[in-house]
Amino acid sequence: MDIAERAVPPRVVVAERAAAEAAFKKSCIPQVGRLLSLAAAAKPGGIIAESGTGAGVGTAWLHSGLGADARLVTVERDEDPARRAAGVFVDDMPVSVLTGDWRLLEQHAPFDVFFCDGGGKRDDPQRAVELIAPGGLLILDDFTPSPDWPPRFVGEVDELRLFYLTHPALRATGILTTPSSSAVIAARCP
Ligand SMILES: C[S@@+](CC[C@H](N)C(=O)[O-])C[C@H]1O[C@@H](n2cnc3c(N)ncnc32)[C@H](O)[C@@H]1O
């Protein structure tokens with residue numbers, strides 16, 4: 001069996017179907033999804049947040065690791081994918097799908113896990129870091145592998161990645177998610 005054929009949680013399947021119906025192409029890949037599930041499971045009573053819901057695939061992966069006392073909040077600025085994602089979680093009280101700008105998340109901070117995948121990641125990375133609780137985890141995907149230090153993207157220093165990897169309030173590292181993609185995972189220092 002190919003690793004891509006490993007069973008995925010049922011709600012992820014529902015969200016992937018919603019993404020396909022919406023022709024939404026930017027959902028996270030399963031390798032990132034499993035990292036999201038792991039992170040959520042590490043914070044069983046935590047507040048789990050996502051900026052950029054898309055059609056709910058990443059949300060569904062976070063949900064798959066959600067502890068009984070945890071809450072999950074996600075925000076999407078575009079109404080159509082937000083509505084579709086809300087439909088995936090319509091029967092699930094600890095999940096809130098907000099429609100609007102990512103700053104709507106602030107009222108739910110600090111976060112024990114923050115999958116920063118829409119607003120914040122590029123436009124206000126400092127604020128994204130500030131919203132994480134001490135000991136909380138930050139996950140950012142859609143980077144490319146870079147064996148160099150400092151990390152590079154198409155030959156130039158990747159300043160955004162460098163910001164996260166060297167932020168004094170974080171302990172961060174880059175991990176390969178596939179041979180051609182990578183993610184940054186970080187813990188906020190207590
Ligand atoms: C990479 S996609 C999200 C994929 C999703 N997290 C997943 O894993 O399936 C990024 C999403 O962020 C949304 N987005 C971008 N800027 C935003 C902002 N300022 N506030 C809320 N959502 C935003 C986009 O509309 C897009 O749907």
Side-chain angles (χ1 to χ4, degrees), residues 3-4 6 8-9 11-12 15 26-54 56-67 70-76 95 102 105-106 108-153 157-190:
I3 195 163
R6 188 176 162 195
V8 300
R11 212 174 290 248
V12 173
K26 293 185 281 186
S27 299
C28 69
I29 59 175
Q31 292 87 339
V32 171
R34 294 196 191 279
L35 182 61
L36 298 176
S37 182
L38 175 159
K43 305 288 181 180
I47 298 175
I48 316 299
E50 176 187 39
S51 72
T53 316
V57 173
T59 321
W61 278 109
L62 288 165
H63 180 270
S64 71
L66 207 63
R71 283 193 296 128
L72 172 53
V73 59
T74 181
V75 65
E76 170 57 52
V95 183
W102 80 285
L105 287 178
E106 292 196 5
H108 302 275
F111 307 134
D112 298 289
V113 176
F114 186 19
F115 180 33
C116 189
D117 199 30
K121 178 180 178 181
R122 292 176 190 284
D123 55 302
D124 198 348
Q126 176 58 29
R127 189 66 186 136
V129 172
E130 289 167 359
L131 294 178
I132 303 163
L137 301 173
L138 173 65
I139 297 172
L140 306 140
D141 71 349
D142 292 336
F143 291 107
T144 53
S146 173
D148 303 316
W149 187 261
R152 290 180 180 273
F153 178 64
V157 172
D158 186 343
E159 298 290 350
L160 181 68
R161 195 175 347 182
L162 194 59
F163 172 87
Y164 288 111
L165 289 173
T166 61
H167 194 290
L170 300 176
R171 294 293 174 270
T173 191
I175 57 167
L176 279 185
T177 45
T178 70
S180 59
S181 63
S182 74
V184 169
I185 181 162
R188 179 146 187 195
C189 300

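For this chain, numbers begin at 1 and follow the sequence in order.
Side-chain polar atoms of Gln31 and Thr177 form no donor-acceptor pair below 3.5 angstrom.
Considering CD1 of Ile48 and CG of Leu66, their distance stands at 6.0 Å, rounded to 0.5 Å. For the atom pair SG (Cys189) and CZ (Arg171), the distance works out to 3.5 Å, reported to the nearest 0.5 Å.
Looking only at side-chain heavy atoms (C-beta outward), Glu159 and Phe153 stay at 4.5 Å or farther from each other. Contact of the Arg161 side chain with the Thr144 side chain is registered, since non-hydrogen atoms from C-beta on lie closer than 4.5 Å. The shortest distance between side-chain heavy atoms of Val184 and Ile139 does not fall below 4.5 Å. Counting only heavy atoms from C-beta outward, the side chains of Pro110 and Leu131 never approach each other to under 4.5 Å. Put simply, the side chain of Phe143 reaches to within 4.5 Å of the side chain of Asp158, judged on heavy atoms. Considering only heavy atoms from C-beta on, Thr173 comes within 4.5 Å of Ile175 through its side chain.
Residue Asp112 comes nearest to Gly46 through the heavy atom pair OD2-CA, 3.2 Å, listed as atom of the first residue, atom of the second, then distance. Scanning all heavy atoms of the two residues, the minimum distance from Leu162 to Thr166 falls at O-OG1, 2.6 Å. When all heavy atoms are compared, the tightest approach of Cys116 to Ala128 is SG-CB, 4.0 Å.
Both the sub-6.0 Å distance and the 45° axial angle are not jointly satisfied by Lys43 relative to the ring of Phe114.
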